[in-house]
Amino acid sequence: MAKMMTFEERLKKHHDELRWLYMELYDNSDMFYELCTQMERFYQERSSALKERDLEKEADPAWFKKQDMMGMMLYIDNFAGNLRGVERKLNYLQECSVNTIHLMPFLDVTKGKSDGGYAVSDFRKVREDLGTIEDLAHLTGKCHEKGMNVCMDFVMNHTSEDHEWAKRARAGEGEYMSRYFFYADPSIPQAYERTVPQVFPTTAPGNFTWLPDAGHYVMTTFYPYQWDLNYRNPRVFNEMMYNFLFFANLGMDIIRIDAVPYIWKELGTPCRNLPQVHTIVRMMRMIGEIVCPATILLGEVVMEPAKVVPYFGTVEKPECHMLYNVTTMATIWHSLAVQDTELLKKQLDTVCALPKEYTFLNYLRCHDDIGWGLDFAFLQTQGMEEVAHKRFLNDYYTGRFPGSESRGQLYNDDPVTQDARFCGTAASMCGLETALAAQDKERISQAIGLDLMLHAYMLIQSGIPMIYSGDEIGQLNDYSYQDDPDKCQDSRYIHRGAFQWELAKKRKNKTSPQGRIFQGLDRLEQIRKQDLVFAEDAAVYTVPTGHHGILCVIREKDGRRMAGVFNFTSHDASVPVWQDAQGQDMLTGGAADLSEVPVAGHGFRWIVF
């Protein structure tokens, strides 16, 4: 067994760079000394089991890139009631081939002002209805015993207005006011507004909120009850790093940094993606490597893959270990609506050309809405104008477009700009909701086939696949949120419904929709875990098919190849993939001629050759 590095050895390795960056940002040696002292305290408090986990993962630094990695994101209350309930469902998660669970926000919030859990009022307290900090530590321990990793959201950009710091700031305590952006002079917020875009122009316009009782404006990029933290204050950075290390010591394997690009603000700039953000993330990476090397960083950066690359840092000075592949999700659904894969192919080619060191997390649906942040410069060359095309996509997926089987609802619908985002589960977007309502067996089969095709595409991409809880059994939109006064104004709850355990019981029934989806996904996941072509260092590239609506992805490793052929149109077709090559269908075991591959409408083929 390799010798475990001591805290002193790890600190020595990173000390000079960490100090240089800290002093560049804050020029405060006392605060840096305090940071190092607290880092040592967290290291000493780290359990022997977690230190052993540090050793194992230090010896295998690419552990999170392995082809058997499979994640699932879930809301604790929706999935199993509370943290102890999740613990009781770990066998089910393993049955889903899941070895990484992303627990959606679970920290203390104020009811009715939570933004789905992203307005944290106490970083050291779990929501009372979900359990306790002790329950959380117990769950992570049980997960580790089963070889599972745990991921959580770390909301760095802001706190709730009900956080202790915010309450003391509102009361006029200067030390705490300096931890946010407080201005009595309205000209300063007005100056910010001239260069800072609005996140929610319809539901939460502007970037500042006036506080009559405090006589000040406070920066609120997202919602009025979410106050932006001022990272120009070293006290904010230090205290948030202590929170980060607190969660690492509870056994968190992956810390998802929420809203990374926003965490540094500077007057006269868009307050997005500023250089100081990278300094902060780089320091956070080093702090983790010194104190808790088993804990890695997942960055939430909502931009197309080529533009998020800076958040990986460099080989010599890395930042995030993983980033979300956000825009590909939107492009997948765009491709389905227009029955054209040209943009999807272009984006996949871009990702495939990036260094193998870069690891993306891929998903078909998630807890959030779908924003149509597509490459409209490219789409304009195909005759698609941004406003009209976004309107078409929203009409298509809400079922208003003739012939659409999809169902869902709009989010942040702006009547002025005619812009909106979309909400709905994968199965409802694939038409399963309408097909089941009509009791039409053929349409049910078509919806299930489409659902599996889209998941098969997600699974063949480079990176880590993440399933959204409920998608494994084809869970439909849940409209009950409309009757809840705390949720009815937020249509994202349509795909945040309670997990349907009664439906999950049908997962072993090969004739039920739930069983057909569950077992279909399981078959794909087992192939992905076991076949050489899915190795993390496999070459991945596209080949032309001569058909705009059909995409072909090749994975290649040590002379073994596979072709994934995906039909985004509703019509059966045959396309050439590889001249004079014979292969075997990975699902049926039947022979396949790659010179001409037949693929059903909204179907797919996985062929090894």
Side-chain angles (χ1 to χ4, degrees), residues 73-75 77-79 104-105 109-119 153 198-205 220-226 258-259 300 302 324 326-327 329-330 332-334 336-337 363-374 387 389-401 404-434 436-437 451 468-471 474-500:
M73 58 185 85
L74 57 87
Y75 283 93
D77 51 351
N78 287 344
F79 182 69
M104 302 305 292
V109 294
T110 300
K111 188 177 181 182
K113 296 187 296 182
S114 73
D115 185 27
Y118 290 95
D153 290 275
Q198 299 180 70
V199 176
F200 300 129
T202 305
T203 56
T220 54
T221 298
F222 291 91
Y223 286 104
Y225 52 79
Q226 289 169 306
D258 182 65
E300 187 216 14
V302 184
Y324 281 103
V326 177
T327 53
M329 175 191 67
I332 287 171
W333 295 105
H334 149 84
L336 181 63
Y363 55 95
L364 185 60
R365 283 298 291 117
C366 67
H367 72 290
D368 222 340
D369 54 89
I370 301 177
W372 302 113
L374 304 169
V387 173
H389 189 58
K390 286 181 176 179
R391 193 182 312 127
F392 157 72
L393 290 171
N394 284 322
D395 285 346
Y396 184 89
Y397 284 109
T398 52
R400 294 197 294 254
F401 190 81
S404 169
E405 295 282 300
S406 174
R407 293 295 180 270
Q409 294 181 342
L410 299 184
Y411 176 68
N412 267 351
D413 188 6
D414 189 332
V416 178
T417 64
Q418 298 185 37
D419 197 4
R421 309 179 191 198
F422 177 81
C423 302
T425 69
S428 286
M429 293 179 73
C430 287
L432 187 58
E433 182 178 326
T434 54
L436 287 171
D451 187 289
Y468 184 56
S469 174
D471 281 358
Q475 194 155 312
L476 306 178
N477 290 335
D478 185 340
Y479 298 93
S480 65
Y481 81 93
Q482 297 170 332
D483 301 320
D484 186 331
D486 291 329
K487 298 178 180 177
C488 61
Q489 298 300 315
D490 190 340
S491 56
R492 291 176 297 182
Y493 285 102
I494 195 174
H495 55 259
R496 296 176 181 175
F499 186 78
Q500 302 296 312

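Everything quoted here is computed from the prediction, not taken from an experiment.
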Colleague: Which heavy atom in Asp368 sits nearest to a heavy atom in Arg496, and how many Å separate them?
Modeller: OD1-NH2, 4.1 Å
Colleague: Answer yes when Arg492 and Asp115 have at least one side-chain N-carboxylate O distance shorter than 4.0 Å, and no when they do not.
Modeller: yes
Colleague: Indicate yes or no for a side-chain donor-acceptor contact from Ser114 to the backbone of Lys111 under 3.5 Å, with no hydrogens or angles considered.
Modeller: no
Colleague: Establish, yes or no, whether a centroid distance under 6.0 Å links the rings of Tyr223 and Tyr118.
Modeller: no
Colleague: Hey, mind stepping through Tyr397 and Gln409 against side-chain hydrogen bond (donor to acceptor under 3.5 Å, both in side chains) and telling me if it holds?
Modeller: CA-CA 8 Å; Tyr397 284 109; Gln409 294 181 342; over 6 Å; no
Colleague: Between NZ of Lys487 and OH of Tyr481, what distance do you get to the nearest 0.5 Å?
Modeller: 11.5 Å
Colleague: Heavy atoms only: give me the nearest Gly474-Leu432 pair and the separation to one decimal.
Modeller: O-CD2, 3.8 Å
Colleague: Go through the steps for Leu410 and Thr398 under the test side chain to side chain contact (heavy atoms under 4.5 Å, CB included), then give the verdict.
Modeller: CA-CA 8 Å; Leu410 299 184; Thr398 52; 3.8 Å; yes
Colleague: As an exercise, state the distance from CZ of Phe200 to CZ of Phe222, rounded to the nearest 0.5 Å.
Modeller: 6.5 Å
Colleague: Taking the six-membered ring for Trp, are the ring centroids of His389 and His334 within less than 6.0 Å of each other?
Modeller: yes
Colleague: Among residues at least two apart in sequence or on other chains, which ones pass salt bridge (Lys or Arg N to Asp or Glu O under 4.0 Å) with Asp484?
Modeller: none
Colleague: Hey, mind stepping through Tyr75 and Phe499 against ring-ring contact (aromatic ring centres under 6.0 Å, His included) and telling me if it holds?
Modeller: CA-CA 9 Å; Tyr75 283 93; Phe499 186 78; over 10 Å; no
Colleague: Between the side chains of Arg365 and Asp471, is the shortest nitrogen-to-carboxylate-oxygen separation below 4.0 Å, so that they form an ion pair?
Modeller: no
Colleague: When rounded to the nearest 0.5 angstrom, what is the spacing between CE in Met73 and OG in Ser469?
Modeller: 10.0 Å
Colleague: Looking at Leu393 and Ala337, what are the two nearest heavy atoms and their distance?
Modeller: CD2-CB, 3.7 Å
Colleague: Please check this pair: side chain of Ser406 against backbone of Gly399, looking for a donor-acceptor N/O pair closer than 3.5 Å.
Modeller: no
Colleague: Looking at CE of Met104 and CG of Asp153, how far apart are the two atoms once the value is rounded to the nearest 0.5 Å?
Modeller: 5.0 Å
Colleague: Mind listing the closest non-hydrogen atom pair of Asp490 and Tyr411 along with its distance?
Modeller: OD1-CE1, 3.3 Å
Colleague: Verify whether one side chain among Gln226 and Thr220 offers a donor that lies under 3.5 Å from an acceptor in the other.
Modeller: no
Colleague: Give a yes or no on this: more than 12 heavy atoms of other residues, nucleotides or ligands lie within 6.0 Å of atom CD of Gln482.
Modeller: yes
Colleague: Answer with yes or no whether the side chains of Asp419 and Trp372 bring together a donor and an acceptor at under 3.5 Å.
Modeller: no
Colleague: Give the C-alpha distance, both sets of side-chain angles, the deciding distance and a yes or no for side chain to side chain contact (heavy atoms under 4.5 Å, CB included) between His495 and Tyr468.
Modeller: CA-CA 10 Å; His495 55 259; Tyr468 184 56; 4.1 Å; yes
Colleague: Search all heavy atoms of Leu336 against all heavy atoms of Tyr396 and return the closest pair with its distance.
Modeller: O-OH, 4.5 Å
Colleague: Looking at the rings of Phe392 and Phe401, which for Trp means the six-membered one, are their centres under 6.0 Å apart?
Modeller: yes
Colleague: What distance do Ser428 atom OG and Glu405 atom CD have between them, rounded to the nearest 0.5 Å?
Modeller: 11.5 Å
Colleague: Given side chain to side chain contact (heavy atoms under 4.5 Å, CB included), test Thr110 with Tyr225 step by step and report yes or no.
Modeller: CA-CA 10 Å; Thr110 300; Tyr225 52 79; over 6 Å; no
Colleague: Minimum heavy-atom separation for Gly371 and Ala330, please, with both atom names.
Modeller: O-CB, 3.7 Å
Colleague: For Thr203 and Asn412, test the side chains for any donor-to-acceptor distance below 3.5 angstrom and give the result as yes or no.
Modeller: yes
Colleague: Any heavy-atom pair between the side chains of Glu433 and Thr425 that's under 4.5 Å?
Modeller: no
Colleague: With side chain to side chain contact (heavy atoms under 4.5 Å, CB included) as the criterion, how do Val302 and Tyr324 come out once you've worked through the C-alpha distance, each side chain's angles and the decisive distance to 0.1 Å?
Modeller: CA-CA 8 Å; Val302 184; Tyr324 281 103; over 6 Å; no
Colleague: Just wondering, do Met329 and Leu364 contact through their side chains at under 4.5 Å, heavy atoms?
Modeller: no
Colleague: So how far is it from Ile494 CD1 to Arg407 CZ, rounded to the nearest 0.5 Å?
Modeller: 11.0 Å
